[in-house]
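Just so you know, these numbers use all the heavy atoms, side chains as well, and skip hydrogens, waters and symmetry mates. Naming convention: chains lettered A, B, ... in sequence-line order (proteins, then strands); numbering from 1 in each chain.
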Protein chains: 2
Amino acid sequence: MSISPDVTIKRGVPQHMTKPQLERVERVPSRRERVREATLSEIKAIARSHLVEHGVAGVSLRAIAREMGMTAPGLYRYVSGIDSLLVLITADMFDELAAAVSDADASVPAEDTDRRINTSLRAFRGWALEHPAEFAVMFGPRKRLEQEVDLTPAVEAGSRFGATFFTLFERLIDEARFELPDSGRVTPELARELRAFAVTCGFAGSETSVEAMMVLSSCWVRLYGVVCMEVFQHLDFVMRDMEPLFESELQNVLTGLGVRYEAPQSNETATISTPD
Amino acid sequence: MSISPDVTIKRGVPQHMTKPQLERVERVPSRRERVREATLSEIKAIARSHLVEHGVAGVSLRAIAREMGMTAPGLYRYVSGIDSLLVLITADMFDELAAAVSDADASVPAEDTDRRINTSLRAFRGWALEHPAEFAVMFGPRKRLEQEVDLTPAVEAGSRFGATFFTLFERLIDEARFELPDSGRVTPELARELRAFAVTCGFAGSETSVEAMMVLSSCWVRLYGVVCMEVFQHLDFVMRDMEPLFESELQNVLTGLGVRYEAPQSNETATISTPD
DNA sequence: CGCTGTTCGCTAACGGCGTTCACTAAAGCG
DNA sequence: CGCTTTAGTGAACGCCGTTAGCGAACAGCG
């Protein structure tokens, strides 16, 4: 067991510290480390492309190795197996999705909470539609009885993604946009789960109420529902274009949140263009 | 191409006609047909058990054949490949799910629409939780870029499943339980899609309005969302027990539909017991 | 420079998979 | 009975993940 792949060699530097001043002090990543990092990136990139082109079942170590001009066993120096490779790229994809949403969010004036929310949520759907294979891996069923493989990288990235929306939601709470449901509606059991939710997701310290968490959950479930249904094509035989339904749900959800609904621009949501 | 598996030999008998009187008239299924049917059933049964035990990736023709005491190529007499076998059992599972919901529905007095709906929807979730592997195949992402394989059996069974709920929903419309949303809320594009929906699902002739279809879609999407999220375990790291959230969503949806929400019985929803 | 321990990538191999093809043996049927 | 259709087999092809052992390249050090 002299080999231990999948362990990102962390430099023990807190991420919020700026890198440049530390690089010389701590460690300049040795040549070996750099080339190693590069091959790992190549592996993930090719895996990703195979995922897109042939679906998750079409991702194979042998094919990746072939495309890289090496042999499959060699990849085991970088990755402890196909499953953990999938977990790795899943983590990357979550980060990418989070970035896509953040970018969209950042493209509108920070004070315009309403438009920011409209935009962010549409960005989520947009990314999902543009990356159905990725979305399936990220939000679809857990493939195996994955007791075996370590999911933490993906889960962590997933949390980072969630945080993107949580911040926006917190703004809504601060601005007291919507009426909280009667506290009678929240059963003790639900309250317990929601508190756990709040704690795990970081806004424990704030005065975030259980009722607010319930609203958040409900909204998230609804959006997840429409988008899943669209990407997984479960209404395909009955409905050609799911966008109107998504917009309708979005409108319902937003008005429930006291957020102004804005009809989408005629050009695609993916395009980030400054409105006139 | 002398072989043509996967084609259920239909006897051209409408299902609503009683069988016995016709059997002799039309065709008594020959001995050969009977044994053939039996082996096909065995194949599907074993496939199903492997699906449950090892997930969808764990279903393999070779393993099935092994367990049956035959060799893999022999299975090709019954099934045109692993993919179409999966489609076949998916169809069966949809019928089974539909039956489970129907049974639950039938276990409460026919006039008590409210309780019937409570019960049916909980039955849906219950079945999903008891059969996560099946649910993943039925409601998860379409595995391949399945241009190749013929999905019709599964799609048809899926429609039958949908019909289970549609009938209940029609009752709600007839009883005029809920207020329809302003027709201004339905964009022309959405209206078009919803009409297609209504037509494909059979209640075209009735006076079912586009607005009603919008409500139905919205409700279905929400329930699908919670259940998917629970079965796919996407909030696992944040929430232990999803039942309270489901119940909360159910309550929201039902009150929106003008249906009385009934708290679940203390014993599990799966258990069908006559209330006192 | 040469020496030494580590990392890398290879070959070979095992067992599993889906699928095709040519073939035999059995079953059905006139 | 003989002929046709069908069920099932064995061998083969080409994939796959994964393990084990080996040699070559490399990094660091005296």
Side-chain angles (χ1 to χ4, degrees), chain A residues 1-7 9 27-43 46-47 50-51 53-88 143-144 146 148-149, chain B residues 1-7 9 27-43 46-47 50-51 53-88 143-144 146 148-149:
Chain A
M1 290 286 170
S2 58
I3 329 172
S4 62
D6 285 8
V7 261
I9 300 163
R27 182 89 58 79
V28 43
S30 79
R31 161 170 177 78
R32 235 194 165 101
E33 287 170 335
R34 269 183 295 126
V35 54
R36 184 183 171 81
E37 193 69 21
T39 18
L40 180 57
S41 294
E42 188 182 355
I43 293 173
I46 298 181
H50 289 189
L51 168 64
E53 287 174 47
H54 310 110
V56 61
V59 181
S60 82
L61 291 179
R62 288 192 124 109
I64 296 171
R66 212 178 301 135
E67 190 165 331
M68 294 178 64
M70 36 183 304
T71 61
L75 297 186
Y76 279 76
R77 299 279 173 192
Y78 300 89
V79 150
S80 62
I82 183 77
D83 289 334
S84 78
L85 171 57
L86 285 175
V87 172
L88 285 187
K143 304 275 84 171
R144 313 221 161 179
E146 282 167 345
E148 326 280 318
V149 58
Chain B
M1 289 288 170
S2 58
I3 328 173
S4 64
D6 285 7
V7 260
I9 300 163
R27 181 89 60 77
V28 43
S30 78
R31 164 174 174 75
R32 234 196 166 101
E33 288 170 336
R34 268 183 296 127
V35 54
R36 185 184 170 79
E37 193 70 20
T39 25
L40 180 56
S41 295
E42 188 183 355
I43 293 173
I46 298 181
H50 288 189
L51 168 65
E53 287 173 47
H54 310 107
V56 62
V59 182
S60 83
L61 291 179
R62 288 193 123 108
I64 295 171
R66 212 179 300 136
E67 190 164 332
M68 293 177 65
M70 38 184 300
T71 60
L75 297 185
Y76 280 75
R77 297 281 170 191
Y78 299 89
V79 148
S80 62
I82 183 76
D83 289 334
S84 78
L85 171 57
L86 285 175
V87 172
L88 285 187
K143 303 275 84 170
R144 313 220 162 182
E146 283 167 348
E148 327 280 321
V149 58

Undergrad: Looking only at non-hydrogen atoms, find the nearest pair between B/Arg77 and B/Arg36 and report the distance.
TA: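 Smallest heavy-atom distance, with atoms named: O-NH2, 2.7 Å.
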Undergrad: Nearest of D/dC22, D/dC16, D/dA12 to any side-chain atom of B/Arg62?
TA: D/dA12
Undergrad: Between P on D/dT18 and CG on A/Leu85, what's the gap in Å once rounded to a whole number?
TA: 10 Å
Undergrad: Give the minimum heavy-atom separation between A/Met68 and A/Leu75, together with the two atoms involved.
TA: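 The pair with the smallest heavy-atom distance is SD-CD2, 4.2 Å.
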Undergrad: Just the rounded figure in Å: distance from P of D/dG23 to CZ of A/Arg77.
TA: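 That distance rounds to 15 Å.
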Undergrad: Which residues pass the side chain to side chain donor-acceptor pair (under 3.5 Å) test with B/Glu42, sequence neighbours left out?
TA: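 In terms of side chain to side chain donor-acceptor pair (under 3.5 Å), with neighbours along the sequence ignored, B/Glu42 is linked to no residue.
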Undergrad: Measure CZ/A/Arg36 against C1'/D/dA25 and give the value in whole Å, please.
TA: 16 Å
Undergrad: Rounded to the nearest Å, what distance is computed from the CD1 atom of residue B/Ile82 to the C1' atom of nucleotide C/dT20?
TA: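 Rounding to the nearest Å, CD1 of B/Ile82 and C1' of C/dT20 are 16 Å apart.
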Undergrad: Rounded to whole angstrom units, what separation is found between the CG atom of A/Leu61 and the P atom of C/dC17?
TA: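 Result: 18 Å.
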Undergrad: Of all the heavy-atom pairs spanning A/Ala72 and A/Arg62, show the shortest one and how long it is.
TA: CB-CG, 3.7 Å
Undergrad: Which atom names give the shortest non-hydrogen contact between A/Thr71 and A/Ala65, and what distance separates them?
TA: C-CB, 3.4 Å
Undergrad: Do B/Val59 and B/Ile64 come close enough that some side-chain heavy atom pair is under 4.5 Å?
TA: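 With C-beta onward as the side chain, the pair touches.
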Undergrad: What distance do A/Met70 atom CE and A/Ile43 atom CD1 have between them, rounded to the nearest 0.5 Å?
TA: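 It is 6.5 Å, given to the nearest 0.5 Å.
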Undergrad: Can you name the closest pair of heavy atoms from A/Leu40 and A/Tyr78 and give their distance?
TA: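 Nearest pair, atom of A/Leu40 first, then A/Tyr78: CD1-O, 4.0 Å.
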Undergrad: Closest to the A/Tyr76 side chain: D/dT18, C/dC8, C/dG18?
TA: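 Within the option list, the nearest is D/dT18.
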Undergrad: Among residues 64-73 of chain B, which ones have heavy-atom contacts with DNA chain C below 4.0 Å?
TA: B/Arg66, B/Ala72, B/Pro73
Undergrad: Provide the closest heavy-atom pair for A/Leu85 versus A/Ala47 in the form atom of the first, atom of the second, distance.
TA: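 Scanning both residues completely, I find the closest heavy atoms to be CD2-CB, 4.0 Å.
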Undergrad: May I have the distance from A/Leu75 (atom CG) to C/dT11 (atom P), rounded to whole angstrom?
TA: 13 Å
Undergrad: In whole Å, I'd like the distance from the CD atom of A/Glu42 to the P atom of C/dC8.
TA: 15 Å
Undergrad: Find every protein N or O atom lying less than 3.5 Å from an N or O atom of nucleotides 26-30 of chain C, and list the pairs.
TA:
from, atom 1, to, atom 2, distance (Å)
C/dG28, O4', B/Arg32, NH1, 3.0

